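What follows is a set of notes on a single structure, which appears directly below.
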2 protein chains.
Amino acid sequence: MSVTTADAERLVRIGEVARDAGVSVRAVRYYEQQGLLTAERSPSGQRLYPREAGARVRFFQQMYAAGLTSRNIAELLPCIESGHTDAEQRAMLHTERDRIRAKIDDLQAALDRLDEVIEVTASHP
Amino acid sequence: MSVTTADAERLVRIGEVARDAGVSVRAVRYYEQQGLLTAERSPSGQRLYPREAGARVRFFQQMYAAGLTSRNIAELLPCIESGHTDAEQRAMLHTERDRIRAKIDDLQAALDRLDEVIEVTASHP
DNA sequence: CTAAAACCTGACGTTGACGTCAGGGTCAAG
DNA sequence: CTTGACCCTGACGTCAACGTCAGGTTTTAG
């Protein structure tokens, strides 16, 4: 059993990646289009991904949920993969971090407002 | 100085409401279209709002920021104004509350992920 | 009185992350 | 061998909260 054969056996098709990450097949293709994901191709043209692709896609979802755009994530990836950043990238990271922090505070405030409403209407049924 | 005159003097036009709330005039018209806001009309057809309209719009913004839709907010308003809720409304309130809580947790997780990246890339410049 | 600022009603345009449909290959199972 | 699950590439559709433009009336400042 050669190494290359073992490697090939670890490749999965797009459907499995999607199921693994809990997103649609269309979404995975979209991520590729946005430059977030690359895939080998089988002789017949089918996309082949390493197993980690699922986790990678879940990471995308996490960033999307935090309000990052595909472009933001694309800029973020080189930082993660190289473990190295230039000034511009560091600025971007801090900008996004601060944006998320602000958003958390906004959400917390909204939550408090809603809890107020819930409390008031609970005592006045 | 009659009461009605004094009331009339407290009415403001759409531009002031917008500035007060930090949104566009277009947005305020949109909120009316969504049934979130009603306005009297001057003889010439211009919208006239009570002063509290600004605060009301800021409340909308806060809810929008929390991910509520116009429809959600519209359902929410009667609860606030009447201080009374039926079962369906209470369910809605709790659903939205839980959604926001979950979103805060998601954001916190994303923030931690980003801080990881920032820390790693800071020590590997 | 006049010009600028503010307002009005449509109605089409924008953005992002996909959904969905059309039309057609591919591949293990029976 | 054919059926059904899965895959491919376009390319148009969606949804929400507005932006923006057109074409016209009203209000306000000087």
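This structure is a prediction, so every number in the text was calculated from the model and none was measured. Chain letters run A, B, ... following the sequence lines, proteins first and then strands; every chain starts at 1.
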Go through the steps to decide whether B:Ser70 and B:Tyr31 satisfy the test side chain to side chain donor-acceptor pair (under 3.5 Å), and finish with yes or no.
CA-CA 8 Å; B:Ser70 296; B:Tyr31 301 150; over 6 Å; no

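Note on A:Arg41: every side-chain N or O is 4.0 Å or more away from OP1 and OP2 of C:dT26. Close to D:dC8, at under 4.0 Å from its OP1 or OP2, lies a side-chain N or O of A:Arg29. In this model, the phosphate group of D:dG19 is approached by a side-chain N or O of B:Ser24 to a distance below 4.0 Å at OP1 or OP2. Remark: B:Tyr31 is in phosphate contact with D:dC18, judged by side-chain N or O atoms under 4.0 Å from OP1 or OP2. Contact annotation: B:Ser44 side-chain N/O to C:dC7 OP1/OP2 distance is not under 4.0 Å. OP1 or OP2 of C:dG16 has not a single side-chain nitrogen or oxygen of A:Ser70 nearer than 4.0 Å. Checking the phosphate oxygens (OP1, OP2) of C:dC8, a side-chain nitrogen or oxygen of B:Arg47 falls inside 4.0 Å. Side-chain N/O atoms of B:Tyr30 include one lying less than 4.0 angstrom from OP1 or OP2 on D:dA17.
Other residues, nucleotides and ligands contribute at most 12 non-hydrogen atoms within 6.0 Å of the CD atom of B:Glu119.
In this structure, the side chain of A:Thr85 does not engage the main chain of A:Gln89 through any donor-acceptor pair within 3.5 Å. A distance-only check finds a donor-acceptor pair linking the side chain of A:Asn72 to the backbone of A:Thr69 [under 3.5 Å].
In terms of polar N and O atoms assigned as donor or acceptor, the side chain of B:Arg26 comes within less than 3.5 Å of the base of D:dT20 in a complementary pairing.
DNA chain D is contacted by both B:Gln46 and A:Glu16; A:Glu16 maps to the nucleotide lying nearer its 5′ end (nearest heavy atom per residue).
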